[in-house]
Amino acid sequence: MRAWNRAKLLWSYLRGNARVNALPVEYIVETTAKCNIYCPMCPRETHPQPKEDMEEDTFRALVSHSASTAEHMMLIGLGEPLLDPRIFDRISHCASHGISTLISTNGTLLDEKAAARLLDSPLEHITLSFDGYSKETFEFYRKGAKFERVRDNFVRFCRMKHARRSKMQVVVQMVRMDGNRHEVEEFSRFWRAVPGVDLIRVKEDETNLMRPGAAGGRLWKHPCHYLWRGAVYVKHNGDVYPCCQSYMLDGEPVGNVGRVSLAAIFNSPAMQQMRRLHAAGRAGEIGICARCCTAIPHPLLAAGSLLLHGRIVRSVLPLIERLSYRYFGSGALTPQNQAGPAPELVQIGRQRPPSPPSPDS
């Protein structure tokens with residue numbers, strides 16, 4: 001079923017179909033909106049979040065509706081996953097439906113007990129976010145986190161994973177910004193020496209908070225494959241957004257998993273309109289897309305991401321990024337800037353959800 005679902009997504013993407021007779025393979029699921037540190041590059045600083053977790057009914061509805069097609073759920077969002085008291089149950093619930101999971105953590109709560117619980121769980125992938133090599137740089141970008149504590153938590157977790165011969169993929173990630181780019185080489189050298197680390201990912205900053213206007217004047221050479229394959233972004237309240245960046249760019253939700261089926265959300269008028277504009281080379285007319293800094297792969301890479309299971313795609317993504325930038329330059333992943341005036345922007349509006357059925361219906 002999952003392979004057939006991917007085949008239909010691939011066909012729709014290659015043809016530029018607005019309507020897709022399939023469901024996304026990847027989801028970003030914000031199981032909690034709570035966080036315990038302050039990061040100047042995080043969208044939380046411009047989009048204040050409530051101290052709330054995703055309701056269990058909402059989470060289980062999402063998994064139930066996507067169980068036969070979803071391949072990978074990233075249980076992350078604008079909160080710290082280890083603040084979600086149900087995070088271990090949610091990981092297991094996904095696994096029981098054949099869905100692989102990923103979390104990304106700031107490491108402040110990754111003590112020995114939490115590390116052991118994660119390694120005992122069916123979690124397949126974890127990203128350890130560590131945005132600096134030096135104490136000064138790290139604590140500038142991760143205010144409220146202590147450099148030595150987080151570093152030691154991460155090192156211990158990696159060594160525990162290595163000692164257990166766990167198959168969990170561990171990625172240590174730095175988001176490259178102006179204040180830490182000079183530390184990339186030392187950062188990479190340090191984490192290469194830690195047993196249990198599978199990949200070191202130095203990721204470009206895809207938010208506009210530290211560099212306003214960074215995406216101005218993008219020329220969209222290729223349609224964004226996220227609109228066909230996902231990942232769609234599911235907020236803690238069940239609101240669904242078209243992609244990983246749309247909420248942070250002030251986009252409107254295209255539905256709510258507590259009120260509307262996933263199939264209806266994925267083919268809502270707003271989603272179909274976005275696909276039409278992308279397929280026609282007019283993505284820059286969409287407000288959220290015009291402001292987006294996310295790298296868009298060449299259609300060959302996008303198609304390849306639909307030939308392989310989402311678990312494999314997520315595992316090799318850091319390697320693909322590194323090779324693409326090294327051998328082909330940024331043009332292999334990111335549209336070039338365009339000259340001239342920006343086009344008039346289209347706001348993709350909220351689809352008013354239908355009223356929930358009455359108890360008598």
Side-chain angles (χ1 to χ4, degrees), residues 26-66 70 72-97 99-111 113-131 142-145 149-150 153-154 157 168 171 173 175 207 209 230-241 243-248 253 255-259 314:
E26 285 194 351
Y27 296 80
I28 298 173
V29 186
E30 185 182 85
T31 68
T32 183
K34 298 180 296 190
C35 195
N36 57 347
I37 64 173
Y38 160 75
C39 303
M41 67 288 192
C42 177
R44 293 180 62 89
E45 309 316 317
T46 54
H47 297 72
Q49 301 296 304
K51 295 180 179 180
E52 296 176 358
D53 301 319
M54 178 176 279
E55 293 289 339
E56 188 65 9
D57 288 348
T58 300
F59 180 77
R60 287 182 176 260
L62 172 64
V63 173
S64 176
H65 293 167
S66 63
H72 199 79
M73 283 194 177
M74 293 161 270
L75 306 183
I76 55 178
L78 294 185
E80 163 56 41
L82 294 180
L83 283 170
D84 176 8
R86 299 189 185 97
I87 189 62
F88 298 102
D89 293 336
R90 302 197 205 262
I91 291 168
S92 296
H93 187 65
C94 287
S96 70
H97 287 79
I99 303 171
S100 64
T101 50
L102 170 151
I103 68 167
S104 176
T105 179
N106 61 36
T108 55
L109 303 175
L110 193 60
D111 57 19
K113 181 179 178 181
R117 288 193 71 183
L118 282 175
L119 290 168
D120 287 337
S121 79
L123 183 72
E124 295 190 13
H125 182 126
I126 187 169
T127 295
L128 309 179
S129 297
F130 201 78
D131 292 321
R142 298 272 167 170
K143 290 179 170 59
R149 179 180 179 182
V150 174
N153 282 352
F154 283 168
F157 178 83
M168 183 186 299
V171 176
Q173 175 174 287
V175 176
T207 72
L209 297 181
V232 296
Y233 183 66
V234 186
K235 281 289 290 175
H236 76 283
N237 62 0
D239 282 346
V240 180
Y241 291 81
C243 65
C244 56
Q245 295 295 319
S246 47
Y247 171 78
M248 284 72 91
N256 185 287
V257 294
R259 305 189 191 103
R314 180 56 48 181

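Side-chain atoms are counted along with the backbone in the values below, which use heavy atoms only and exclude waters and symmetry mates. All values derive from a computational prediction rather than experimental measurement.
Residues L128 and I126 form a side-chain contact, since some pair of their non-hydrogen atoms from C-beta on lies under 4.5 Å apart. Looking only at side-chain heavy atoms (C-beta outward), H236 and D53 stay at 4.5 Å or farther from each other. You'll find the side chain of V232 stays beyond 4.5 Å of the side chain of I28, heavy atoms only. The shortest side-chain heavy-atom distance between V240 and N256 does not fall under the 4.5 Å cut-off. Residues F88 and D120 are not in side-chain contact: their nearest non-hydrogen atoms beyond the backbone lie 4.5 Å or more apart. Considering only heavy atoms from C-beta on, T101 stays 4.5 Å or farther from P122 through its side chain.
Note: E52 CD to D84 CG = 12.5 Å, rounded to the nearest 0.5 Å. Once rounded to the nearest 0.5 Å, the distance linking OH of Y38 with CZ of R44 reads 12.0 Å. Here the straight-line distance linking atom CZ of R117 with atom CD1 of I91 works out to 9.0 Å at 0.5 Å rounding. Atom CZ in R142 sits 6.0 Å away from atom CG in N106 (nearest 0.5 Å). How far CE of M168 is from CG of L119: 5.0 Å, rounded to the nearest 0.5 Å. To the nearest 0.5 Å, the span separating NZ on K143 from CD on E45 amounts to 9.5 Å.
Judged purely by atom type and a 3.5 angstrom limit, S121 uses its side chain to pair as donor or acceptor with the backbone of L118. At distances below 3.5 Å, at least one donor-acceptor pair connects side-chain atoms of E30 with backbone N or O atoms of L78. The closest donor-acceptor contact from the side chain of S66 to the backbone of L62 lies under 3.5 Å. At distances below 3.5 Å, not a single donor-acceptor pair connects side-chain atoms of R149 with backbone N or O atoms of G107.
Listed here is the closest heavy atom pair of A145 and I37: N-CG2, 3.9 Å. Of all the heavy atoms in L75 and P81, the pair that sits closest is O-CG, 3.5 Å. Closest approach of Q49 to A33, counting heavy atoms only: CB-O, 3.6 Å. Closest approach of S129 to F154, counting heavy atoms only: O-CE1, 3.4 Å.
Remark: Y247 engages H47, Y241 in a ring-ring contact (aromatic ring centres under 6.0 Å, His included) (not counting sequence neighbours). Under the side-chain contact (heavy atoms from CB on, under 4.5 Å) criterion, N237 pairs with K235, D239, sequence neighbours left out. H93 is linked by a ring-ring contact (aromatic ring centres under 6.0 Å, His included) to H97, counting only residues two or more places apart in sequence or in another chain.
For the pairing with L82, the side chain to side chain contact (heavy atoms under 4.5 Å, CB included) check across T105, N36, T32 returns one residue only, T105.
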Inset, instruction - Decide side-chain contact (heavy atoms from CB on, under 4.5 Å) for T127 and M74; before the verdict, give the C-alpha distance in whole Å, the side-chain angles of both, and the deciding distance to 0.1 Å. - result: CA-CA 10 Å; T127 295; M74 293 161 270; over 6 Å; no
Inset, instruction - Kindly indicate, with the supporting measurements, whether the criterion side-chain contact (heavy atoms from CB on, under 4.5 Å) is fulfilled by V63 and I99. - result: CA-CA 9 Å; V63 173; I99 303 171; 4.2 Å; yes
Inset, instruction - Show your reasoning for whether side-chain contact (heavy atoms from CB on, under 4.5 Å) applies to L102 and M73. - result: CA-CA 6 Å; L102 170 151; M73 283 194 177; over 6 Å; no
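Both cation-pi conditions hold for R90 and F59: the charged atom is under 6.0 angstrom from the six-membered ring centre and inside a 45 degree cone around its axis.
When the shell of 6.0 Å around CD of E56 is examined, it contains more than 12 heavy atoms from other residues, nucleotides or ligands.
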